[in-house]
Amino acid sequence: MARALLDVDDLTGDELTTVLDRAADLKAADDGRQPLDDRTLGMIFEKPSTRTRVSFETGMTQLGGHAIFLGPDDIHLGHGEPIKDTARAVSRYVDFIMARVFDHADVVELGEFATVPVINGLTDDAHPCQTLADLLTIRERFGGFDVDVAWVGDGNNVAQSFVLGAAMAGIDLTVATPEGYGIDDDVLKRAAGLGGEPETTTDPAAAVEDADVVYTDVWVSMGQEDQREEKLADFDGFQVTTELLGDRPLMHCLPAHRGEEVTDDALESENAIVWDQAENRMHAQNGLLVWLSEQ
Ligand code: CP
Ligand code: NVA
């Protein structure tokens with residue numbers, strides 16, 4: 001099996017540092033280096049995307065390569081053809097595969113059968129590319145990872161990868177979720193093995209008390225639209241307002257559902273570092289792609 005990034009802990013701690021350093025170096029260089037000259041990235045999307053698609057596609061162009069967008073109506077994945085056949089066929093053309101799918105097991109199967117690196121571009125359980133960008137953003141902002149982060153909101157994909165990345169980086173993390181929306185036990189166990197489980201609570205105010213940064217994500221994730229009413233009720237009291245935020249920086253993976261997990265004024269305030277996070281998606285992924293090409 002080729003190297004893959006199905007979740008952050010597919011990298012060792014040293015590899016994570018190398019990828020972030022490479023990302024920072026590429027971001028700073030802007031000198032026309034084209035390390036992925038003639039390389040192609042196949043991008044499989046079962047769900048919509050703004051940042052993931054545009055950052056990977058632009059990143060490949062900057063690195064001298066090319067990206068192919070393969071949307072749900074463009075290829076046979078999952079309907080006309082088993083995933084393992086798509087993985088083996090597409091691997092004969094491209095140098096990397098990035099996939100955004102619903103079921104995490106599908107990206108695992110892609111990774112098992114592909115003969116080129118598979119990068120998880122978001123599943124229902126994980127979003128490692130987002131975590132790479134988040135770590136790059138935190139390191140730029142604070143000069144390192146001696147930082148207390150409060151996660152306020154749903155404990156699914158973005159939160160779960162961040163829990164793993166925080167454990168690897170040595171970030172002190174507190175996760176506040178409503179009852180029943182916490183981080184999976186398996187992810188908590190993996191975090192414990194990597195350097196430390198987050199503190200968990202159901203009280204957002206307690207979570208942010210000692211925090212340097214507050215991070216949130218939507219309550220109604222892609223594919224959960226039929227749970228909307230139930231989730232809005234369950235997350236009552238978890239909205240990130242300017243009052244909860246105080247003068248702390250605000251992180252959000254985006255897209256944001258203003259008026260739900262975050263207020264418009266919090267997102268529009270100077271505390272929001274969400275656009276740096278969005279930009280860093282591309283730099284972090286550029287670092288990852290170049291590193292993967294060297295493995
Ligand atoms: N944060 C993120 O993955 O955004 P998109 O859904 O726009 O790709
Ligand atoms: N939790 C969100 C993240 C989007 C990047 C979702 O899955 O829709």
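In listed order, ligands and their atoms are each counted from 1.
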What is the nearest protein non-hydrogen atom to [atom], stated with its residue, atom name and distance?
atom: atom 8 (O) of ligand 2; result: M222 N, 2.8 Å
atom: atom 5 (C) of ligand 2; result: L254 O, 3.7 Å
atom: atom 7 (O) of ligand 2; result: N157 ND2, 2.8 Å
atom: atom 2 (C) of ligand 2; result: S221 OG, 3.4 Å

Could you report the tightest heavy-atom contact between L136 and A284, atom names first, then the distance?
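Distance-wise, the nearest heavy atoms are CD2-N, 4.1 Å.
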Considering all heavy atoms, the nearest V152-V214 contact:
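Minimum heavy-atom separation between V152 and V214: CG2-CG1, 4.1 Å.
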Once you restrict to heavy atoms under 4.0 Å, what part of [X] touches ligand 1? Side chain, backbone, both or neither.
X: L254; result: backbone
X: R53; result: neither
X: K47; result: neither

Do L132 and L194 land in one hydrophobic cluster if side-chain heavy atoms of ILVMFWY residues count as linked below 4.5 Å?
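Looking at the clustering, L194 is in the same group as L132.
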Any pair counted as salt bridge (Lys or Arg N to Asp or Glu O under 4.0 Å), so long as it reaches residues 180-196, sequence neighbours left out:
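Sorted pair list: D7-R190, D9-R190, D186-R190.
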Provide the full list of salt bridge (Lys or Arg N to Asp or Glu O under 4.0 Å) pairs with a residue in residues 145-169, sequence neighbours left out, each pair given once.
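Sorted pair list: D154-K231.
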Quick one: are V175 and V163 in side-chain contact, heavy atoms under 4.5 Å?
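They are in side-chain contact.
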Contact check, V220 vs ligand 2, heavy-atom distance below 4.0 Å:
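No; V220 lies far enough from ligand 2 that no heavy-atom distance drops under 4.0 Å.
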Contact (N/O only, under 3.5 Å) between C253 and ligand 1
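Between C253 and ligand 1, an N or O pair is found under 3.5 Å apart.
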Side chain of E15, backbone of G13: donor and acceptor closer than 3.5 Å?
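Flag not set: sc E15 to bb G13 has no pair under 3.5 Å.
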Evaluate R100 for polar contact with ligand 2, using N/O atom pairs at a separation under 3.5 Å.
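No, since none of the N or O atoms of R100 sits under 3.5 Å from an N or O of ligand 2.
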